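Below is one structure, written out as structure tokens; comments come after it.
So that the names make sense, note that chain A is the first sequence line, chain B the second, and so on, each numbered from 1. Nothing here was measured: the structure is a model prediction, and the numbers come from that model.
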There are 2 protein chains.
Amino acid sequence: MKREATAQALAEAAFDLAKARGLDGFVIDDVVERAGYSRRTFANHYSCKEAAVASVAYSGIDAAVSALEDVSSDVPLLDAIHAVLRLQLTTETLSRMREVIRLSREFPSLEPYVHHVQHRMRLEAEQRLRLVAADRYPPTYVSLLFGALYGMVSSALEGLVDVRLPGDTSSGPGSLEFDQFLDVAFKHLRSGF
Amino acid sequence: MKREATAQALAEAAFDLAKARGLDGFVIDDVVERAGYSRRTFANHYSCKEAAVASVAYSGIDAAVSALEDVSSDVPLLDAIHAVLRLQLTTETLSRMREVIRLSREFPSLEPYVHHVQHRMRLEAEQRLRLVAADRYPPTYVSLLFGALYGMVSSALEGLVDVRLPGDTSSGPGSLEFDQFLDVAFKHLRSGF
DNA sequence: GCAGATTGTTGCCCAAACGGCAAAATGACC
DNA sequence: GGTCATTTTGCCGTTTGGGCAACAATCTGC
């Protein structure tokens with residue numbers, strides 16, 4: 001769909017500008033000039049530049065959930081999710097999220113939109129996961145499980161930014177810390193606190 | 001502090017107007033007129049009317065966490081949290097949250113700010129909880145536990161709005177559904193999925 | 001290929017909002 | 001009373017949001 005492509009192009013331009021000049025270092029006119037659209041078109045897609053910048057964190061969620069939907073149904077649900085997170089929550093996707101979170105620390109006006117994107121990702125993933133698991137688990141169970149999982153993962157993402165922010169962009173991808181964290185999180189998910 | 005009182009008065013006025021006329025049925029001038037402040041002052045506190053409206057959902061969090069901090073330290077952590085949620089997440093607080101969530105369904109531009117408030121509540125609660133439990137559990141453990149708890153509770157709040165929205169404002173308070181849900185959530189929290 | 005419908009983009013335009021700055025007001029404290 | 005810190009306010013130029021209608025592009029079935 002063309003609409004989506006335009007939105008992504010605008011978001012990309014806004015994200016680049018925010019990285020380069022900071023969130024207050026540019027106006028919407030700069031974004032549309034860079035992306036080659038009109039200001040009016042920007043307003044058709046985003047309500048403000050914050051929304052555009054935050055939206056880039058959304059990329060990758062689709063691939064992750066799709067991977068989950070492909071998992072054969074005789075693999076236990078928790079195992080499947082664990083494996084998918086390990087595979088998908090890496091490199092590009094993870095480092096973008098971290099960059100957006102980092103920006104939102106520096107420019108608090110970005111925070112609401114980042115949280116909004118995270119929330120939408122959670123909703124979409126949860127909804128699609130519920131379909132995948134519909135024949136094995138009741139919806140309420142999946143909601144609780146997913147809510148708990150989301151809470152732990154998002155808490156870890158924020159934590160990673162805190163811990164590793166000063167300096168290294170090095171160990172972004174399948175970083176040891178994140179994998180280790182995932183293991184602990186799933187241990188609790190399986191057998192409680 | 002006076003600053004806080006002003007912010008709350010403005011938020012209250014914005015919330016009332018949003019309930020009465022819808023989010024697009026008033027402008028900032030209406031808010032400040034009702035609250036008795038100037039437009040410039042509004043801008044000192046909130047970046048837009050959405051932020052003001054959403055902020056009313058924040059009320060009550062302070063009391064809840066304070067109650068938790070008073071719990072004697074020989075009560076198991078999970079029991080203490082469970083009890084506090086049962087007591088505090090009722091009537092006024094809960095019904096405000098539901099009203100804000102309901103508004104955000106009708107006016108999507110409100111969503112980011114609602115999610116932001118939820119997120120801030122989570123952060124504050126988690127941080128203070130970590131202090132309370134510092135002598136019994138390591139910070140990482142508390143973060144994971146709290147993340148999971150938050151995910152489940154927020155998932156339930158949204159669910160409650162979905163289920164009960166069409167019609168009744170009747171069963172807001174210590175509603176049966178919510179208590180039952182809490183029990184299930186804590187069962188999983190204790191012994192896993 | 002073509003006429004029609006659907007969807008995306010743009011310009012126009014004005015009400016609304018953001019935000020810097022400095023003056024005025026409020027209050028706490030001595 | 002006086003002094004200092006915090007908060008509120010008015011002024012005002014810049015930026016934004018979004019309704020509307022025209023325009024372009026893309027997708028239909030024929």
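For the pair A:Arg3 CZ and D:dT26 P, the computed distance is 16 Å after rounding to whole Å. For B:Tyr46 and C:dA16, the OH to C1' distance is 20 Å, given to the nearest whole Å. One atom, CG of B:Asp24, and another, P of C:dA15, lie 18 Å apart when rounded to the nearest Å. Nucleotide D:dT15 holds its P atom 15 Å from the CD atom of A:Glu50, rounded to whole Å. Nucleotide D:dT16 holds its P atom 6 Å from the NZ atom of A:Lys49, rounded to whole Å. Between the NE2 atom of B:His45 and the P atom of D:dT6 there is a distance of 14 Å, given to the nearest Å. A:Ile28 places its CD1 atom 15 Å from the P atom of C:dG11, with the value rounded to the nearest Å. Computed from coordinates, the A:Phe26 CZ to D:dT15 C1' distance equals 13 Å when rounded to whole Å.
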### Task
Assign a letter to each nucleotide of nucleotides 19-30 of chain C from its 5' end: B, base within under 4.0 Å of a protein heavy atom; S, sugar-phosphate only; -, no contact.
BBB----SS---
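Pairing each heavy atom of A:Arg122 with each of A:Gly147, the nearest pair is NH2-CA, 3.8 Å.
A heavy atom lying under 4.0 Å from DNA chain D marks none of the residues of residues 108-116 of chain A.
In this structure, B:Val27 stands alone, with no Ile, Leu, Val, Met, Phe, Trp or Tyr side-chain heavy atom under 4.5 Å from its own, directly or through other members.
Sequence neighbours left out, the pairs with a member in residues 23-33 of chain B that pass side chain to side chain donor-acceptor pair (under 3.5 Å) are B:Asp29-B:Arg39. Residue pairs meeting the ring-ring contact (aromatic ring centres under 6.0 Å, His included) criterion with at least one partner in residues 60-82 of chain B, sequence neighbours excluded, are B:His82-B:Phe186.
Each of B:Thr6 and A:Phe42 has a nearest nucleotide on DNA chain D; the 5'-most of these lies closest to B:Thr6.
At D:dT9, one or more side-chain N or O atoms of B:Ser38 fall inside 4.0 Å of OP1 or OP2 (strictly under the cut-off).
At distances below 3.5 Å, not a single donor-acceptor pair connects side-chain atoms of B:Tyr113 with backbone N or O atoms of B:Ser104.
You'll find that the side chain of A:Arg39 is closest to C:dC13, out of C:dC13, C:dG11, D:dG10. Looking at the side chain of A:Tyr37, the nearest of the listed nucleotides D:dT16, C:dT10, D:dT8 is C:dT10.
Counting only heavy atoms from C-beta outward, the side chains of B:Gln118 and B:Ile61 never approach each other to under 4.5 Å.
The pair B:Arg21-B:Glu106 fails the salt-bridge criterion, with no side-chain N (NZ, NE, NH1 or NH2) lying under 4.0 Å from an Asp/Glu carboxylate O. A salt bridge does not link A:Glu124 with A:Arg120: every distance from a Lys NZ or Arg NE/NH1/NH2 to an Asp or Glu carboxylate oxygen is 4.0 Å or more.
Partners of B:Phe26 by ring-ring contact (aromatic ring centres under 6.0 Å, His included), not counting sequence neighbours: none found.
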